[in-house]
Every structure is written in structure tokens, then in C-alpha cells.
Amino acid sequence: RKEVEQDPGPFNVPEGATVAFNCTYSNSASQSFFWYRQDCRKEPKLLMSVYSSGNEDGRFTAQLNRASQYISLLIRDSKLSDSATYLCVVWDSGAGSYQLTFGKGTKLSVIP
Amino acid sequence: NAGVTQTPKFQVLKTGQSMTLQCAQDMNHNSMYWYRQDPGMGLRLIYYSASEGTTDKGEVPNGYNVSRLNKREFSLRLESAAPSQTSVYFCASSPTRGFIEKLFFGSGTQLSVL
């Protein structure tokens, strides 16, 4: 089974802190990468796609390192509302091309 | 615009009972999916439908059947529920066939099998 590995946490950080999550994937042929956010007892929602050149959306920055097969998510100036579980998601275009592989998630708690 | 709607939100079954989880999307998406999420596990794909009229097995299809009733609706059936099927079930849809740009999830069904 293709693997996507994440540190489960929890990461407990104070408001205003910068926090980074890493995720490693096993299939070097993986093509697309995403970060989803899941609030407690809610459905996952797409946070951002991860592009080869890296991308930024406000306080969130995603990076891809294909050589080392990991992606990262950096959150700057953490807010209480950032508390959630962050899911690393990988898509492979080969057989079973409709199957995304989800990591187990990293839990973030932002503390006042 | 409701997005992806799942019913029911909660369900308790006894071992051996059957039930159908309903899912509908109003975004004119081609592809639809059923996932389950268990504590300490990532979401795992049960079945998917790349387009109307087609269904395929995912990673964990045993004990489930699906029906793509039309472009909007994709149902998941448990014929004889087992305690191992206690889980949170999510339906999802995506707009494009052959490339998953973004998944839109329903709010989930918490299923307990006693």
C-alpha cells in the first residue's frame, strides 16, 4: 500500500507562533499533493494544493521536495482558529487513478 | 447551493442489519466517492464512480455495495452490517474525470454497529 506518513502530534503552540508540519510519501511517481484541513467531527476541506515551485496563501506556505519525497506546511502567526487536524494527501496517476492516499493527519492546537 | 449532502448523520445498527447511506451533490460533478475514516487511520476509499454509469472498488470494498443512481446521487449499501464497519463515512465529489483537482466532502455519517 502506498504510504503517506505524518507526525500525528499534537502540536501545541501559542497564538502568534510559527509551526511547520512535514509529510513523507513513498511513491516517487506521485504527481499531485494537497493539504486538507479537518476540524473536529467535521468533513475535510481543501486548504491548498502544493506546487513544485512552492506556494503561499496568506499565512500558509506549502513546499514540495521531490528528491526527498516530502511536502511541508508552514503556518505563520498562528490563530486560535487554526486549531484542527491537517491531512497530507497524495495523488498518483497510475492504476487506480481516482485514488487519493490520505495521511493520518497532524493535530494542531493553538493555545491562547 | 448545498454542495454534497449525506444522510443520515447518525445511525446505530445491530449486527446483520442492512442500511443504505445516501449521497447527493448539486455541483454537476462527474466523479463521486465513498470513504471511511477510523481513529488512527487515514481516510480510506471504499468505492468510487468516475462518471455516471460506472463504479469501481477502492481500497476497502468488502462488505459494501454502491449504486450511481444518476449524475447527482451515489449510495452506499451495507447488506449485513458487522462491528468492523463502525466508522465515520464520508461521501465526496470532484468536478473532473481522470484528475482529482479538489474533493468536496459531505458532512459525514457516524455509524455504529453493535
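Reckoned from all heavy atoms, side chains included, excluding hydrogens, waters and symmetry mates. Nothing here was measured: the structure is a model prediction, and the numbers come from that model. The chains referred to below are lettered A, B, ... by the order of the sequence lines, with proteins before strands, and numbering in each begins at 1.
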Is it true that B:Val88 and B:Leu76 fall in one hydrophobic cluster, defined by side-chain heavy atoms closer than 4.5 Å?
-> no
Proximity breakdown for A:Gln38 and chain B, heavy-atom pairs closer than 4.5 Å = side chain
same_hphob_cluster(A:Val19, A:Phe60) at 4.5 Å side-chain heavy-atom cutoff | yes
Spatial distance of atom CZ (B:Phe105) from atom CG (A:Leu46) [nearest 0.5 Å] = 9.5 Å
Should we count NZ of A:Lys45 as having more than 12 external heavy atoms under 6.0 Å?
-> no
With the 4.5 Å side-chain cut-off for hydrophobic clustering, are A:Val4 and A:Phe21 part of the same group?
-> yes
Please name the pair of heavy atoms, one in B:Gln110 and one in A:Arg41, separated by the smallest distance, quoted to 0.1 Å.
-> OE1-NH1, 4.5 Å
What are the two closest non-hydrogen atoms of A:Tyr36 and B:Leu103, and how far apart are they?
-> OH-N, 2.9 Å
Determine whether A:Val89 and A:Ile75 fall in the same hydrophobic cluster, where Ile, Leu, Val, Met, Phe, Trp and Tyr are linked whenever their side-chain heavy atoms lie under 4.5 Å apart.
-> no
Closest heavy-atom pair and its distance - A:Glu43, B:Phe90 | CA-CE2, 3.5 Å
Under a 4.5 Å side-chain heavy-atom rule over Ile, Leu, Val, Met, Phe, Trp and Tyr, are A:Leu100 and B:Ile46 clustered together?
-> no
Before giving the answer on side-chain contact (heavy atoms from CB on, under 4.5 Å), spell out for A:Leu87 and B:Leu43 the whole-Å C-alpha distance, their side-chain angles and the decisive distance to 0.1 Å.
-> CA-CA 9 Å; A:Leu87 308 178; B:Leu43 276 84; 4.1 Å; yes
Say you draw a straight line from NZ of B:Lys102 to CZ of A:Phe34; how long is it, rounded to the nearest 0.5 Å?
-> 11.0 Å
